[in-house]
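Below: the structure, in structure tokens.
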Amino acid sequence: RGQVLFINADAEFYAGRAQNYLRPEHVEKIVSTFDRYQDIPAYARQVSLEEISSAANDFNLNIRRYVDNSPPPEPHDVRAHLLGGVPAAEVTAKHPLFDALGFSPEHVFAQREKDPTYLDFASALPDRAAIRPLVENDPGVQACLVEVRQRLAEWWTEHSPGLADLPKRRDLNRVRAEFLDTFVAALLPLNTLDRFKLAGVIATWWTDTLPDFKTLLENGFPGVMDGWVDAIADAVEDDEAAGPAFDPFGHKLVRRTMTDYLERIAVAKADIARLKGEKEAFEQSNAPEDLDEEELAAWNYGKDLDRQMRDLKAEHKDALKELAKLEKKAAKTNVGRLPSRGGAVAASGAGSGDPAYKVLQEELQPVLDQLAVLAAALVPYDQIKEHLAEARARYRMLTDEFVNELKSRCGAMNEDQKRALVLELFAQDVQAGLDAVVAERRQELVRFIEGLWDKYRVTLAQLRSDRTGIETGLNQFLKQLSYA
């Protein structure tokens with residue numbers, strides 16, 4: 001053709017911590033743009049060989065030279081900054097965004113009778129925080145969402161049989177291509193999302209669900225459900241400290257078939273979290289004030305009490321043993337013992353006739369009293385740990401019952417029921433992906449209105465008035481202090 005297609009996709013990625021990632025929707029946009037070989041503003045452009053070889057370019061193939069995707073500069077209206085008002089031109093430029101979501105600008109902006117080039121914020125916006133709920137709860141926006149979901153339901157009803165026939169036809173790639181094309185064709189006329197966003201919904205869903213599709217090819221719909229059940233069971237049985245690979249109780253199959261169990265499990269998990277918090281609060285309490293940061297982070301009040309008791313018993317080991325021996329010889333009834341952590345025996349009358357016992361008991365009484373105080377301080381901690389163990393046991397019992405009940409309920413379904421349920425859950429995933437993209441579109445509108453608020457809501461006159469008020473207050477304060 002004598003044309004070179006330049007694609008500048010460096011602005012479209014998912015930003016990770018260590019590196020950036022291309023998600024399926026980004027890959028789909030690159031591939032579809034190449035296949036269509038067409039110009040897309042700020043993304044792709046066909047460039048002739050003559051332009052590339054011209055003296056101005058000299059065969060320079062730097063992509064930005066031909067496709068500049070730099071965002072346009074933020075417009076600022078000096079008059080609006082000084083005197084207030086929102087430039088009508090900035091709102092008009094975003095009418096496609098308003099129309100795409102079914103949101104009327106009149107809900108947030110009011111026309112000026114004598115100056116149509118500027119708008120005022122509507123009385124429905126008392127502050128910046130009111131912008132988001134106003135947009136999200138707007139009847140037009142909600143109607144748009146309903147229409148999008150209705151169109152999705154119609155598309156799914158028409159094309160989901162292609163998935164149902166996968167075990168027989170085994171044409172996975174053809175079904176993917178059909179889903180991409182027909183989904184875009186079905187929803188693009190609504191003008192809520194462009195074709196790249198729509199294609200991205202299917203591309204992402206398809207990539208995420210591909211392991212299930214491969215299972216469907218080999219083992220049918222019962223195999224898909226069995227795979228979900230096994231994955232959920234493995235996640236439930238994962239060690240609590242390590243944590244499961246995913247939340248088994250948030251799995252789509254669980255939410256659909258086990259709602260009655262979820263509330264009971266949530267209560268059990270809340271009990272464990274509460275008791276863990278109480279245990280940690282006890283351990284972090286009563287820290288000495290002279291600890292440095294590292295020592296404070298390692299402080300454990302429960303362990304410190306245990307240490308104090310061990311040290312006391314070790315320091316008076318022989319005397320405590322002798323006291324116990326004397327009591328054992330003399331006492332036959334009414335034997336009173338120290339708390340279990342005391343490690344020594346306290347008499348309540350036994351051995352009182354033995355002078356050696358009396359002398360030794362009097363000598364050790366301060367130690368016995370101190371051990372009793374330490375043991376009493378540990379009682380709440382022991383109770384918390386006991387209750388935590390019981391809560392964990394209840395949770396394990398619930399989860400064991402949960403897995404068995406899930407297997408039982410799924411096993412009781414016939415093949416047609418499993419087929420219908422799997423397709424229903426697939427459809428829910430597509431809807432969740434579509435809802436997320438529409439929500440991003442709403443967020444774009446919210447950010448635009450918030451940006452106008454941040455730029456133009458506070459005028460220069462108001463800033464001057466605020467400054468004057470602050471200066472007046474400061475001067476009065478200085479006079480009260482006799483500094484002015």
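Using cut-offs of 30° and 60° on the angle between ring planes, the pair F249 and F402 is perpendicular. Between Y43 and F196, the ring-plane angle classifies as tilted under the 30° and 60° cut-offs. Classification of the F448-F98 ring pair by plane angle, with boundaries at 30° and 60°, yields perpendicular.
Residues N57 and R65 have side chains that bring a donor and an acceptor to within less than 3.5 angstrom of each other. Of the N and O atoms on the side chains of Q476 and Q480, not one donor lies less than 3.5 Å from an acceptor on the other residue. Judged by distance alone, the side chains of Q428 and R256 never bring a donor and an acceptor atom under 3.5 Å apart. The closest side-chain donor-acceptor pair between Q142 and D138, if any, does not fall under 3.5 angstrom. For N69 and D10, the side-chain atoms include at least one donor-acceptor pair closer than 3.5 Å. Remark: the W299 side chain and the N286 side chain contain no N/O donor-acceptor pair separated by less than 3.5 Å. The closest side-chain donor-acceptor pair between Y395 and E390, if any, does not fall under 3.5 angstrom.
Nearest heavy-atom pair across L305 and F282 is CD1-CZ, 4.3 Å. Listed here is the closest heavy atom pair of I384 and L275: CG2-O, 3.8 Å. Residues A203 and L180 approach most closely at N-CD2, 4.1 Å, considering heavy atoms. Residues Y66 and L61 share a closest heavy-atom pair of CE1-CA, 4.2 Å. Q308 approaches L374 most closely through the heavy-atom pair OE1-CD2, 3.7 Å. Taking each heavy atom of P105 and V91 in turn, the nearest pair found is CB-CG1, 4.2 Å.
Although no hydrogens or angles enter the test, the distance criterion places a donor-acceptor pair under 3.5 Å between the side chain of D39 and the main chain of Q46. Within the 3.5 Å criterion, the main-chain N or O of D260 finds no donor-acceptor partner in the side chain of E263. With hydrogens and angles ignored, the 3.5 Å screen pairs no side-chain donor or acceptor of D382 with any backbone N or O of K385. Proximity of a side-chain donor or acceptor of D58 to a complementary backbone N or O of N60 within less than 3.5 Å is not detected. With hydrogens and angles ignored, the 3.5 Å screen pairs no side-chain donor or acceptor of T459 with any backbone N or O of L83. Judged by distance alone, the side chain of S465 and the main-chain N or O of A461 form no donor-acceptor pair under 3.5 Å. The main-chain N or O of R64 is never found under 3.5 Å from a side-chain atom of D68 such that the two would form a donor-acceptor pair. Within the 3.5 Å criterion, the main-chain N or O of W206 finds no donor-acceptor partner in the side chain of T209.
Electrostatic pairing of E136 and R442 does not count as a salt bridge here, judged by no charged N lying under 4.0 Å from a carboxylate O. Checked for salt-bridge contact, D77 and K455 miss the test: no charged N lies under 4.0 Å from a carboxylate O. A salt bridge does not link E280 with K276: every distance from a Lys NZ or Arg NE/NH1/NH2 to an Asp or Glu carboxylate oxygen is 4.0 Å or more. Contact check on D304 versus R307 returns a salt bridge, with a Lys/Arg side-chain nitrogen under 4.0 Å from an Asp/Glu carboxylate oxygen. Salt-bridge check for E51 with R45: passed, with a basic side-chain N closer than 4.0 Å to an acidic carboxylate O.
One finds the CD atom of Q284 at 9.0 Å from the CG atom of N300 (value rounded to the nearest 0.5 Å). Summarising the geometry, atom CZ belonging to R264 is positioned 9.0 Å from atom CE belonging to M258; distances are rounded to the nearest 0.5 Å. One distance of note links CG of L388 with CG of D271; it measures 10.0 Å at 0.5 Å rounding. R132 CZ to N137 CG: the interatomic distance, rounded to the nearest 0.5 Å, is 11.5 Å. Once rounded to the nearest 0.5 Å, the distance linking CZ of R447 with CG of D454 reads 13.0 Å. Here CG of L134 is found 7.5 Å from CD1 of I449. Values are rounded to the nearest 0.5 Å.
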ask   = Can L452 and R457 be said to form a side chain to side chain contact (heavy atoms under 4.5 Å, CB included), step by step?
value = CA-CA 7 Å; L452 294 177; R457 178 63 176 178; over 6 Å; no
Q.
I'd like to know whether E90 forms a salt bridge (charged side-chain N to carboxylate O under 4.0 Å, His left out) with K94, so could you lay out the CA-CA distance, the side-chain angles of the two residues, the decisive distance to 0.1 Å, and finally the verdict.
A. CA-CA 7 Å; E90 292 189 29; K94 286 291 184 177; over 6 Å; no
Assess the residue pair D127 and W453 against the criterion (side-chain hydrogen bond (donor to acceptor under 3.5 Å, both in side chains)); give the C-alpha distance rounded to whole Å, side-chain angles, the decisive distance to 0.1 Å, and a yes or no. CA-CA 9 Å; D127 51 40; W453 181 281; over 6 Å; no
Quick one, R79 with D115, criterion salt bridge (charged side-chain N to carboxylate O under 4.0 Å, His left out). Give me CA distance, side-chain angles, the key distance, then yes/no.
CA-CA 13 Å; R79 180 185 173 188; D115 190 0; 3.0 Å; yes
Side chain to side chain contact (heavy atoms under 4.5 Å, CB included), that's the test. Do I131 and R128 meet it? Break it down for me. CA-CA 6 Å; I131 295 175; R128 189 180 190 272; 4.3 Å; yes
Open item on the list: Please evaluate residues E444 and R441 with respect to the criterion salt bridge (charged side-chain N to carboxylate O under 4.0 Å, His left out), reporting the C-alpha separation (whole Å), side-chain torsions for both, the decisive distance (0.1 Å), and the verdict.
Closed with: CA-CA 5 Å; E444 182 182 351; R441 192 74 163 147; 3.1 Å; yes
Given side chain to side chain contact (heavy atoms under 4.5 Å, CB included), test L145 with L101 step by step and report yes or no. CA-CA 8 Å; L145 180 60; L101 294 169; over 6 Å; no
message = For a side-chain hydrogen bond (donor to acceptor under 3.5 Å, both in side chains) check, start with the C-alpha distance between D369 and Q365, then their side-chain angles and the critical distance, and finish with the verdict.
response = CA-CA 6 Å; D369 292 343; Q365 195 59 49; 2.9 Å; yes
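Using a 4.5 Å heavy-atom threshold, the side chains of R149 and D435 count as touching. H81 has its side chain out of reach of L460: every pair of non-hydrogen atoms, C-beta onward, lies at least 4.5 Å apart. The side-chain heavy atoms of L193 and L434, taken from C-beta on, include a pair separated by under 4.5 Å. Side-chain contact between F109 and D120 is absent, with no heavy atoms from C-beta onward closer than 4.5 Å. A heavy-atom distance below 4.5 Å is not found between the side chains of P248 and V254. No side-chain heavy atom of L97 sits less than 4.5 Å from a side-chain heavy atom of F103.
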Got a list of side-chain donor-acceptor pairs under 3.5 Å for residues 20-28, not counting sequence neighbours?
{"residue": "E25", "atom": "OE1", "partner": "T204", "partner atom": "OG1", "Å": "2.6"}
{"residue": "H26", "atom": "ND1", "partner": "R23", "partner atom": "N", "Å": "3.0"}
{"residue": "E28", "atom": "OE1", "partner": "R176", "partner atom": "NH2", "Å": "3.2"}

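Open room surrounds CZ on F34; 12 or fewer heavy atoms of other groups in view lie less than 6.0 Å from it. A 6.0 Å sphere centred on CZ of F13 holds more than 12 heavy atoms belonging to other residues, nucleotides or ligands. Atom CD of E74 has more than 12 heavy atoms from other residues, nucleotides or ligands within 6.0 Å.
When the ring pair (Phe, Tyr, Trp, His ring centres under 6.0 Å) test is applied to H316, no partner is found at least two apart in sequence or on another chain.
Aromatic rings of F179 and W155 (six-membered ring for Trp) have centroids within the 6.0 Å cut-off, being under it.
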